[in-house]
Number of protein chains: 2
Amino acid sequence: MDPRTEPRSRRERPAKPALSRAVIVATAMEITRAEGLRKVTMRRLARELDTGPASLYVYVSNTAALHAAILDEFLGTVEAPAEGEWQERLEGLLTAYTSVLLAHPGLAASALVARPGGPRYLALLERLLGLLDEGGVPGGRAAWGVDTLMLHATATAAEHAGRDGTDGEREDWDALAHAIDTVDERTHPRIAALGADLMSGAPHERLSWGFRTLINGIARTPNPFAAPDDDAAVADR
Amino acid sequence: MDPRTEPRSRRERPAKPALSRAVIVATAMEITRAEGLRKVTMRRLARELDTGPASLYVYVSNTAALHAAILDEFLGTVEAPAEGEWQERLEGLLTAYTSVLLAHPGLAASALVARPGGPRYLALLERLLGLLDEGGVPGGRAAWGVDTLMLHATATAAEHAGRDGTDGEREDWDALAHAIDTVDERTHPRIAALGADLMSGAPHERLSWGFRTLINGIARTPNPFAAPDDDAAVADR
DNA sequence: ACCTGAACACCGTTCAAGT
DNA sequence: ACCTGAACACCGTTCAAGT
């Protein structure tokens with residue numbers, strides 16, 4: 001088994017795989033895991049599968065649909081915490097969702113634009129609604145709130161996944177921090193007064209505060225479309 | 001001045017404009033207004049300016065920086081309402097910001113990724129912080145909350161600007177609505193119970209509820225990083 | 001009937017070679 | 001010293017022509 005004596009082709013191709021939707025999606029997920037969703041292009045996929053890009057259109061209607069299928073697949077890996085108060089489990093589930101998006105650059109941006117509706121998405125939705133119900137949040141508020149919570153998680157991930165961390169991103173942050181630091185206190189009194197508070201906190205602390213903020217707001221903001229269920233009181237935290 | 005007798009070249013070129021950052025940004029804004037930010041590419045811009053794409057890199061470091069400059073310019077057109085309670089004016093200002101993003105497809109997506117830090121962005125931030133201060137929201141919560149409010153507005157706009165409204169978008173929505181309608185009530189009890197509530201409400205009603213939800217949450221969720229200012233009480237609405 | 005090569009219409013960015 | 005033509009390395013999608 002000495003790797004030096006073992007002959008090895010540059011890339012092991014077990015014959016040529018028969019094309020199918022399943023093979024395409026599986027290959028796309030491999031690329032996503034290795035290099036991020038941005039590299040999952042029709043042409044790249046075709047190259048990987050030893051065919052021309054036109055062939056893929058027999059199984060996948062377009063790039064957006066392919067990305068949506070990959071997203072739903074990844075949603076299956078979101079794990080909910082098993083213990084704690086309902087708020088903690090809710091926050092944990094949302095944090096896990098955010099982490100999955102952050103782990104694969106480009107996934108978040110796609111989740112923001114694609115209307116997800118696959119089975120894994122529905123399962124995640126159900127879990128979120130279950131936790132809100134457990135916390136006594138009225139149905140109408142939970143129904144609208146769950147969208148807001150998902151949007152917050154997705155948008156936060158998209159914001160962070162945008163920057164490749166390479167170069168200009170740090171500069172942008174520094175530039176904003178400097179602009180806030182040196183702002184004219186006559187024209188921008190509030191920014192000057194708050195100063196460092198505006199840039200404080202690690203990303204995960206900001207995310208956690210955002211979830212708690214939303215949960216508190218959802219619990220106490222009546223949905224004007226739902227049956228009157230406004231008597232519920234939920235404790236702040 | 002009869003337009004039929006007035007000779008008119010296919011495109012009036014007042015000689016060839018001297019290249020400069022200002023000319024590039026101005027031309028880019030024209031394209032954005034007419035066809036959306038997505039059409040603002042280095043090559044398209046170069047074509048419009050009668051030169052090669054390489055020439056633009058003398059004045060603009062890359063496409064992302066150009067898009068950020070355009071965004072900040074558009075932020076200057078966000079108008080705040082002059083009357084009403086602080087919550088109404090805050091919601092109005094955020095709605096105006098959202099409308100600007102929605103008016104120019106691609107702007108929202110860019111706002112989500114680019115760290116905005118231009119003068120118009122700072123002015124908008126100041127106005128938002130001023131309104132939160134007027135409402136008695138403690139500084140630490142306002143400092144973190146303002147980011148959350150902007151993110152919610154930006155993400156909502158990005159979500160809606162993604163769909164060109166052309167074709168597959170309606171199908172996606174119908175598919176999700178159908179999936180929710182026909183969900184198995186044993187595996188997905190909460191989705192089944194809430195049913196139509198999950199899809200109810202016009203986009204602007206959802207957006208408004210989202211802002212109110214966030215404002216309510218921000219006012220009553222302590223910022224763990226700021227000085228203790230937890231005694232503030234703000235009425236629900 | 002099913003599949004796909006080749007084409008159409010684009011991209012961002014760099015760099016060597018010109019003025 | 002300054003500017004840019006041309007090249008490199010890509011895109012998504014369609015459709016006529018093949019098997």
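Everything numeric here is computed off the predicted structure, so don't read it as measured data. Each chain gets a letter, A, B and so on, in the order the sequences are listed, and its residues count up from 1.
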Hey, is Glu35(B) close enough to Arg44(B) for a salt bridge, meaning N to O under 4.0 Å?
yes
More 5' along DNA chain D: Ser55(A) or Lys39(A), using each one's nearest nucleotide?
Lys39(A)
Polar side chain donor-acceptor pair, Ser200(A) to Trp144(B), under 3.5 angstrom:
yes
Can you tell me the distance, in whole Å, between the CD1 atom of Ile24(A) and the P atom of dC3(C)?
11 Å
Rounded to the Å, how far apart are Asp50(B) CG and dT4(D) C1'?
14 Å
Think Arg47(B) has a side-chain N or O under 4.0 angstrom from the OP1 or OP2 of dC11(C)?
yes
Can you check whether Ala96(A)'s main-chain N or O pairs, donor with acceptor, with Glu79(A)'s side chain at less than 3.5 Å?
no
Atom pair distance, as rounded to whole Å: CG in Asn62(A) and C1' in dT14(D)
13 Å
Among dT4(C), dC3(D), dC11(C), which nucleotide sits nearest the side chain of Arg44(B)?
dC11(C)
Closest nucleotide among dC15(D), dT13(C), dC3(D) to the Pro53(B) side chain:
dT13(C)
Between dA9(C) and dA9(D), how far is it from one P atom to the other, in whole Å?
24 Å
Keeping the roles fixed (side chain from Thr213(B), backbone from Trp209(B)), state whether a donor-acceptor pair exists under 3.5 Å.
yes
Closest approach to the side chain of Val58(A), judged atom by atom: which nucleotide of dG12(D), dC3(C), dA7(D) is it?
dC3(C)
Once you round it to whole Å, what is the distance between P of dA7(C) and CZ of Arg43(A)?
12 Å
For dA17(D), what is the paired nucleotide under Watson-Crick or G-U wobble rules, both distances under 3.5 Å?
none
Provide, to the nearest angstrom, the distance between the CZ atom belonging to Arg21(A) and the P atom belonging to dC2(C).
18 Å
Testing dC3(C), dA6(D), dG12(C) for proximity to the side chain of Tyr59(A), the answer is dC3(C)
Look at Thr51(A) and dC3(C) and indicate whether a side-chain polar atom (N or O) is within less than 4.0 Å of OP1 or OP2.
no
With the side chain defined as heavy atoms from C-beta on, Ala54(A) is closest, among dC11(C), dC15(C), dT4(C), to dT4(C)
Test your reading of the model: is there a side-chain donor-acceptor pair from Glu73(A) to the backbone of Met29(A), 3.5 Å cut-off?
no
Is there a Watson-Crick or G-U wobble partner for dG12(D) with both distances under 3.5 Å, and which nucleotide is it?
dC8(C)
Over how many whole Å does the gap from Leu19(A) atom CG to dC3(C) atom P extend?
8 Å
What is the distance, to the nearest angstrom, from the NE2 atom on His67(B) to the P atom on dG12(C)?
8 Å
At less than 4.0 Å, is any side-chain N or O atom of Tyr57(B) found next to OP1 or OP2 of dT4(D)? Yes or no.
no
What closest approach, in Å, do Ala28(B) and Leu66(B) show between heavy atoms, and which atom pair accounts for it?
CB-CD1, 4.3 Å
Measure the distance from CZ on Arg38(A) to P on dG12(D) and round it to the nearest whole Å.
14 Å
Only pairs with both distances under 3.5 Å count, Watson-Crick or wobble alike; so what is the partner of dC3(C) in this structure?
none
Using a cut-off of less than 4.0 Å, is there contact between a side-chain N or O of Thr41(A) and OP1 or OP2 of dC11(D)?
yes
